[in-house]
Each structure stands twice: as C-alpha cells, then as structure tokens.
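Every chain is numbered from 1, with letters handed out A, B, ... down the list of sequences.
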Amino acid sequence: MSELIPLIVAKYNYWLYIILMMIGLYAMIAKNNLVKKLVGMNIFQTSIILFYVSIGCKKGGTIPIIHHGIHAGRHVVDPAHYVNPLPHVLMLTAIVVSVSTLGVALALAVKIYNRYKTLEEDEILARLRAK
Amino acid sequence: MKTAGIIIVLLAGALLLYATRDFPPWGALDSPASTHVSPRYLQKAMEETAVPNVVTAVLADYRGFDTMFETTVIFCAGIGCFILLRVFRQRPGDRYYRHIATEITLHIKGGRIPKKSSEFERIDALWTPYDLIIKTVCRILVPFIQLFALYVIAHGHHSPGGGFQGGVILGASVILLAISHNMRTAIDRFSEKTNNLLMAIGVFIYTGIGTVCILLGAGFLDYRSLSAVLFVDKIMARSHGIFGVEIGVGITVMAVMISIYNNLASAGKQDEGL
Amino acid sequence: MLNVIVIVLLISGLIFYTGAAVGILRLPDFYTRLHAAGKMDTLGSLLMVLGVALFNLHDFLWTQFISSLKIVLILLFLFILSPTATHGIVDAGVRAGLKPWTKEQKK
Amino acid sequence: MIWQLDLAILTLVIVTAVATIAVKDLLGCAILFGAYSFLMCLLWAIMAAVDVAFTEASVGAGVSTVFFVAAVFRTTRRTRD
Amino acid sequence: MNDHTPALLIILPLLFAFMVSGMAWIKKSLCYPLAVAGSGLCAFFSIRVFTHVLRHGTMQYSLGGWEAPWGIGYHVDLLNGVVLVAVSVLAFINMIATRKAAAIQFPEKEGAFYALYLLFIVGLVGIVATGDLFNLYVLLEVASLTSYALIALGEGRAPLSSLNYLYMGTIGGCFYLLGVGYLYIMTGSLNMADVASLLRPLYESGAIWVAFTFCMVGIGVKMAFFPLHVWLPNAYTYAPSAVSSLIAPLMTKVMVYVMIRLMISVFCVDFAFSVLDLGSAMVWLSILAIVMGAALALAQKNLKRLFCYIIVSEIGYMVGGAWLGNAAGMTGAILHILNDALMTICLFLAAGTIHYRINNLDLDHLQGLFGRMPVTMACLVAAGLSIIGVPPTCGFFSKWYLITGALQAGQYGFMAALLFSSLVNVILFFRVFEIGYYGDPGHGHMHGSSPETRTEAPAAMLAPLLILSAGLVVMGVFTGSIVAAVIDPIIPAGLAR
C-alpha cells in the first residue's frame, strides 16, 4: 500500500482527465439532443484544460505572481518556487475559444429550433426525410 | 451510434492512457515542461516587463500575438451570433403596453407600432411583474460590479485578472440588468449600435497598438518602441503597452458578451428576453 | 487570542453550513428547503468569511489590512445578495404555482 | 497543493460531469454544468492556476450558464436523453 | 531595419475586418470597398513575401521582439510562401467574383458578412505562415469559427449541417490540441523548429507516437479525410454560393498543408516513415478515400454535392501522395494542393454563377445550359478536364507525379485508385456536359424566360472565372519550372528520390 500511493499520486491527475475526456466525447458522439452534445463538447474542452494545467503543476510551487527576491536591483527568482505560467496562458486562450464556440453553437441551435421546433437530432432527420 | 461512440471513446481513452506511461510524474520539478522554456518567463518577466503577474506578462507580451487572435476569436463569435440570429425586419406582432399612472394593460394586435411616450410603458408579452426587491438590489449592485470589473482590468498586472476576466464581468453587469429588469432597459442604456461599434473598437485598439509599434520602427507588438511616445523607459513602455492591450481586450469581451446574450435571449429580435 | 476567535468563527460557520445541508435534505417541500438554505447558508458564509478576514490580520501589515477590507466587502455583498437570490427563487416558485406543504399532506 | 483534497474534488467533478450528461432536463443540465465549471475552477485554484480559475469562474460558471439558460429559454427544456 | 511583410500580411486584413464591421453601422456603402482593399493588400503582401523567399531564402519574423522559443515566430519558407499566395489570391478573386451573389443574399448584413470573410482569410493565412504549434490552433479556431457562421447563412438545411460541422470540427480541434499538449509535456516547447530538434532523442517514446496520432486525426477531421468526411458534403452543399466557393477550395487544402508541415518539419520524415512505418497504412486509407469519394460522387444528383464528393476523393490523392514516402509523391501532393485549390474554386465559382442565374443546381435543371450560359460552361469544361487530368491543364501534371511516386514506392493499388477515380471523373463530367449540351432546354424549366435566350451572368462574375480557368492551363504549362523552382527545394532530404 505504501508503495502504491506514490505511484497513484504521480499520475492520477492524468488518468482522471482521460475519464473526463471520455465522458465528454461520448456525450458528443452518442447523445441525441443538440444542446446535450454542446454540454459534452464543453466537458471535453475543460478536460483538455485540466490536462494542460496539470502539466504546469510543480510540487511546492505557488501562484506565478512574483512577490519577492529583489537583490541589489536585480530580481533573483527561483523558478522552482512558482508553477509554470505557460500552460495557464495557453488555457486562457482555450477557455475563450470554448466560450466562443459555445456562443455560435447555441445561436445555431436556436436557429434550428425555430425551423424544426425540436432539438432532437433523429426527429429533425425524420422531418427532413418526410419532406 | 451508441456502440460506435463507446468504441471510439474507449479507443481514444486507451491510447491516451497508454501514453501517460511515458509522462514525467505529476508535479515533478525536472520535467521538460518546467525546465525548457518556462523558467525564463519566471526569471526575466519582472526585469523585462515590470509586471509581477507572470501570466499577464506572458499573455500580453511574450505570447501577445496569440492573445490578439484569442480576442479575434471572441469577436468572430460576436459577429457570428449577430449574423446568424439578428432579424431586422420583423412583422408587427402582439404588443403589450401599460399606462403608468393607472397600471392598465393594453394589448395591441399587429398593426402600427406606437411611438414612445412617457405615459405608456412597453412590457413583455411573456409578462411577469418585476419584483421590487430584486430590481432595487440589482440596480444598486450594478455600479459596484462595474467598479470591480475595472479594478480587475487595471490591476491585472499585480493580481490575477486582466482584460478578459474584467470584460466578462463588465458584460455580466449589463446582462444582470437585462435579467433583473428587462431587455429594453438594458438596450436603452447600451444600444445595439454602440455595442457593435465597441466590439470592433476593442480589437482595433489591440491591433492598432501593434501597428503603432511597427510605425515607430520596431516589430509588431514590440511595445518597447512605445517609449518614444509615452516618455517612459523601455521596460515601463512594455508595462504600459500591456495595459493598453488589456483595455482593448476588455472592451471587446464586454461588448461581445452583451451582444451574444441579447441575440440569444431574444432570438434576434432584441426586444424582449429572459 | 486571535486564533481562538478565528477557530470559533470557522467552526460555528461550519455548524450552520451543516444545518443548511441537513435542512435541504430533510425538509419536506420547496419553500421550507429554501428557508433552510437561505438563512443558514447566509449566516454560515458570513461567519466563515469573517473568520478568514480576521485570520488574514495575523501579522498586522498595511497590505494585509487592505485585503481584509476587501474580504469584508465580500461579506457585505453576500449579506445583501444571498437573501435577494433566495427571495427571487421563492418568488418564481409562487408564480409557478407551487403550493406550500401543510401538515395534512403526506411527505 | 494537498493531493487528497485534489483527488476528492476531482471525484466530485467526475460525478457532476456524469450527472450533467445523464439528467433529462435541459435547464437542470445547464445548472449542473455551472456546478461542474465551478468545481473545475476550485480544482485549478488548488493547482495554483489562479488566472485560469478566475476566468473559468467568470466564464464557465457565469456567462456560459447564462448563455445556456438563454438558449433553453428560447428553445425547449425537453430532451429524451 | 527588418522587413515587416510577414506580419503585415496578417495584420492588414485583420485591421480591415474590424473597420468593415464597424463601418456597417456608420456608412454601409464603404463596407465592400474596404473588404476588397483588405483582401487585396493581403494578396499583394503574400506575393511580396513569396518573391522575397524565392530570392533570399527563408524569412523569419519574431512577433513582439521575442526570440522564437519564448515568443511566437513566423517562419516562411517556400512551402508556406506558395500556399500563402494561393490562399490569398484565390480569396481575393473570389471576393470580386461573388460580389453580386453576396449582395443579393445578405442585403442587411453585408458588413458582418465581409468582416467574417476577411477574418476567415486571416485565419487561413495565419495557419500557413505561423511557426508555432499553439498559434496554429488559435488560428485554426478563427478559421473554423468563421466558416461555421458563414456556412450556416445558407438556405434550408444549412444551420443543421453547420452545427454538425461544428461538432466534428471541435472534436478535430480538441484532438489537435491534445496532440500539442502531449508534445509539450514531452519536450517543453511549442515552437515547431524547437520541437523538431528536441524530438529526435524521444522517437521511441509512446507519448510521441500518441501525440502524432492525435494531431493527425484532428487534422484529418478538419480536412475531411475519408472516414471522417461525413460533415463535408452537407456543409458545402447548403452553404451560400459565395461562401462555398471560398471555403471549399481553401479550407481542406490548407489542412493538407498543415499535415505536410507537421510531417516534414515537426515530426520529421524519419519519424513518420522509418520509426512509425505508417506509410502503407495511410496509403491504403487514402485509396479507400479516393474510391469511396468517386463512388459516392456517382450517386449524386446535385451539381454542388457532386463537387463535394470530388473534393473528398481529391483529399485522398494528396494524403496518399504525401504518405507514399518518396520525393515524387510528395512533389505531387504539394503540387496538387495548388492545382486542386485552383480547380475546385473554378468548379464552385461556375456552380455559383449557374446558381445565380437559375437558382437550382439539381442536375436535371441544367438542361441546355451550353446554349444559355456558354462562357460559364466553357470554364466548367476547363475545370472538369483538369480534374479528369487531360494534358494541357494542370491536373494532369500533379497526377503524373503522383502516379510516378506510386510506381516508385511499389504502391500499385494507389495507382489503380488514381486511374479509377479519373475514369469516374470522366463519367461524371461527361454526364454533366451531356445534360448541359444535349438536354432539352425546355424540359425542367417550366417557368420564366424562353429557354433559347442567352442569360449569361454579368461580366463582373465572368471575368474572374475566365482568369481562373486560363490559370489552369498556365499552371499546367509552367509546371516544370514551378516544380524546379519552388517544390524541389522543399522536399526534405530524408525522402527517397
């Protein structure tokens, strides 16, 4: 047991993000409702963000805002004290992309609902086939 | 579809799981991700940009080009929602008016649209009497939210936050007004034209600052050259450049959030919503 | 001394939170549940946030004081907003025509 | 970061994610999605990614939920799965 | 003083896009001229960049004044340069050619439409010019988001097919992002050249292999490679004609470019061909793509839909050529990116012009079109011959290189598939020509004007179409020099000659 815990601690974050990703991807592929698919899409995207943020983690690192370490006019900063800022930057962008996609997709969903009066994919396809 | 979905999902999951075998342990200090590029940001950001929040420094300066396109993505979403949903010519439907003094509700079916007047107030078709407590509290709250949003934008150099978060909060304050009162109240204060212009102006500020840098003889988004205009040294010029950029981001994000909400909640008619 | 106050505040906050959680789970209908959630949650969060604000003043510095002040502002907003939100939900419930639970009804 | 706390929140996140795609009401789905985003935001705050957490709190838990609710208001709550 | 053209190439259309969208609320009549100016400047600067690269070699531009692994760098070599020119020039020509059609379809939202149009160009041009993996993702999302919105403007099923495209496209984008994440965790860098140099000792690692797979699957979704092509036909068929002639030729080709770029300058050819040894599997997949695309095209009754399936099979050509693993195949693939962009824009512009006049693209409505729109149909014939691969046109030459590559690699199946699809294209186009030439003009056209009158499209639409179809032949004639000057230097040394 005592050997097992370090092994799990070393990687569990990556495993759990994969589970989240699988949930999201499954919802996107298998769900029938258009808005449900969107929720799946968002879960998928957040899971990727989780993955990136996990990359940036460092043991014993604090938030990347520099608050000490001025020596003789020069800032001496030990990178091990702060977590990696680059994945955070990338993920800010990814969050923005996900909310933009969500906006456009919801606009499309509203448009589709106005035309077909339903959000179920199979009902829409049945209606199209009936025409 | 379900079985296909399960197969694809399991396949992808298994592949990803297989790859985690080769990953460095979580949080390891000697992983390539934390030794190759990022240490330089942490060590030099304060010296080179005078911004203690390294995320802001990387976001708006080292990788400022990414952020410009991030703002562009938001702008695309705003324009996309507008072009998809907005309907300009609408058939006159049923409208409801209330005489303010006597609280008599009038129902006008089709026909001409009456002009604005001070005695009658237009109300939603899905009319719910708006609650006094919620209305008052929200009206008191909105200025404070906006103040906080401005603080977040301006203080992004020293604390978490920045243009994007502040812009979202600014947009949320107007959305709160639209939810707690009604959409016309919000649109009266913040018209569609202003909103759409601000949407373009914000990103224009960002790109414009980059272009000004070119005109001053440095590379695109190289804020150092702004020192000639701002009368500060090169490091502070970077800091000020980041601030200008953040303002642009904030304006665009605010306008886009409001625009998407208005178009979504009113299905493009922009008269009544949630 | 400060520590004791902080611990007392945090623990009493936790007690109120627990009460809110039990109330939401155990009470019979919409209104009573919201009653529990609205009141207990507000008080619980007030106490906890106050505890955090005091804890922040551990070594008294100007910057620490400023951040404590900000936390007190959060407290103020919570005090206004949490009841308003509860009121809004109850109002919507009344409009939607939910009947309050009476003793005669079965659970 | 305390890995036990981290693991507990991650488990909660997965539970909310499953609940979000399993619930049979779109409005409930939107609200659960807000809860999911908020838990995610907590997780990132624990992992010291404060900027990401702030953004997720304002975007994921705030504006996205409002967008979902607005879209559900203009369409329908009904869903079969 | 350094040269800013690589940056200006992207910034100027971006600036003009914002101006157009703001101008829509101030003075509407200025929108279109501004859009043309933006697109034209983009084309002008891309040509300048290309000539500069031809003369002086690779151009580097670091944005924000930060050196490459820390900041974002642009890296324009010959491969980028030539694709840049193709993208920006074709987008510019399409903007001029579809002015009338767009003005009819979106009378009130012209400003927003042209803003999205310019942003789409910005996205594509940025994808081609960038040297940073994550920047590529952001620009990919710019291009995708604009194309979702533009496609959904069409009639009928357009919103639904656009939403399907959005789901597929987001899965693709996320897979690409995952792949980049895996690369980042293993190497710690995002710059393409830097990653390539750091990857070499890691070739045996499973994570790199998975990263490669996910990048390729993501790009494959976006470029509609065969099993992942389901979104393409509906999306491009129901899109408005001004949009489909913009997106159909450019988006998929740029994605093929991204695939080649990842293969030759991120993962390097050694990894793609010797370590992974995926070559023959990918070639078999593309054989499937070509055959299925051609077979499905045979079953279509709508002109635009037929072209869409032709695109699916052409994607198979390019992917297969790139994965043949020798210089001739790669040359064929790169040449085919250019040629196919030119051919498909011709096809879709012709289809758009026909749609502008008769408002219907079902094959049985096209009867007697040669009499009614002779010039448009002549251009359609030229594009069709090029797709089939008739010698003076450019389609022949890229097919020639592909077949040579297939023979050298011993992939006779690929060669057979190429010949099969050419045969199918012959059948397809001659059926269209037959309907257009011999079909009874009165039939299927009960309403409207007398069938004998010539209702040729306005000159503003015809002139670009004529220029483009002349370009088909010009490209064909100058193939030799293009290959010698542009494509030969970029073939990586690791490939068998």
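- At a 4.5 Å heavy-atom cutoff, A/Ile19 makes no contact with chain B through either its backbone or its side chain.
- Atom NE2 of A/His88 sits about 10.0 Å away from atom OG of B/Ser38, to the nearest 0.5 Å.
- Put simply, the side chain of A/Tyr82 does not reach to within 4.5 Å of the side chain of B/Val54, judged on heavy atoms.
- For the options A/Leu92, A/Ile63, A/Thr101, A/Ile55, heavy-atom pairs under 4.5 Å to chain B are most numerous at A/Leu92.
- Between A/Tyr14 and B/Pro24 the shortest heavy-atom distance is CE1-O, 4.0 Å.
- Heavy-atom pairs under 4.5 Å with chain A peak, among B/Ile74, B/Thr35, B/Ile8, B/Val256, at B/Ile74.
- Contact check for A/Val89 versus B/Asp66: no side-chain heavy atoms found under the 4.5 Å cut-off.
- No other option in B/Cys81, B/Gly80, B/Ala12 has as many heavy-atom pairs under 4.5 Å with chain A as B/Cys81.
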- Message: Assess the residue pair A/Leu86 and B/Tyr62 against the criterion (side chain to side chain contact (heavy atoms under 4.5 Å, CB included)); give the C-alpha distance rounded to whole Å, side-chain angles, the decisive distance to 0.1 Å, and a yes or no.
- Response: CA-CA 10 Å; A/Leu86 186 55; B/Tyr62 292 92; over 6 Å; no

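- Between A/Met21 and B/Leu16, the shortest heavy-atom distance links the atoms SD-CD1, 3.2 Å.
- For a residue to count as touching a neighbouring chain, one of its non-hydrogen atoms must lie under 4.5 Å from one of that chain's; by this rule B/Pro160 touches chain A with backbone and side chain alike.
- Contacts of B/Arg21 with chain A are made by backbone atoms alone, with heavy-atom separations under 4.5 Å and no side-chain atom involved.
- For A/Met22, the parts sitting under 4.5 Å from any heavy atom of chain B are the backbone and the side chain alike.
- Only the side chain of A/Ile18 comes within contact range of chain B, with heavy atoms under 4.5 Å apart.
- Looking only at heavy-atom pairs under 4.5 Å with chain A, the residue among B/Val55, B/Thr71, B/Asn263, B/Ile260 that has the most is B/Val55.
- Summarising the geometry, atom CD1 belonging to A/Ile95 is positioned 9.5 Å from atom CD belonging to B/Glu70; distances are rounded to the nearest 0.5 Å.
- A/Tyr17 touches chain B through its side chain: at least one heavy atom from C-beta onward sits under 4.5 Å away, while N, CA, C and O do not.
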- Test B/Val168 against A/Val99 for side chain to side chain contact (heavy atoms under 4.5 Å, CB included), laying out the working first. CA-CA 11 Å; B/Val168 170; A/Val99 72; over 6 Å; no

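- Both the backbone and the side chain of B/Phe23 come within less than 4.5 Å of a heavy atom in chain A.
- Residue contact with chain B, scored on non-hydrogen atoms closer than 4.5 Å, involves the side chain of A/Phe51 exclusively.
- The greatest number of non-hydrogen atom pairs below 4.5 Å with chain A, out of B/Leu42, B/Leu85, B/Leu17, is found for B/Leu42.
- At a threshold of 4.5 Å between non-hydrogen side-chain atoms, the residues B/His158 and A/Ile65 do not count as touching.
- Counting heavy-atom pairs closer than 4.5 Å to chain A, the top-ranked of the candidates B/Val58, B/Val253, B/Val51 is B/Val58.
- Residues B/Gly5 and A/Tyr26 approach most closely at C-CD1, 4.3 Å, considering heavy atoms.
- Proximity to chain A is absent for every atom of B/Thr67, based on heavy atoms less than 4.5 angstrom apart.
- Put simply, of B/Ile6, B/Thr56, B/Leu84, the one with the most heavy-atom pairs under 4.5 Å next to chain A is B/Leu84.
- In terms of heavy-atom pairs under 4.5 angstrom with chain B, the leader among A/Pro64, A/Ala109, A/Ala30 is A/Pro64.
- Residues A/Thr93 and B/Phe69 are not in side-chain contact: their nearest non-hydrogen atoms beyond the backbone lie 4.5 Å or more apart.
- In this structure, CG in A/Leu25 is found 10.5 Å from CG in B/Leu10, a value given to the nearest 0.5 Å.
- No donor-acceptor pair closer than 3.5 Å links the side chain of B/Trp26 to the backbone N or O of A/Cys57.
- Counting heavy-atom pairs closer than 4.5 Å to chain B, the top residue among A/Gly24, A/Ala27, A/Ser100 is A/Ser100.
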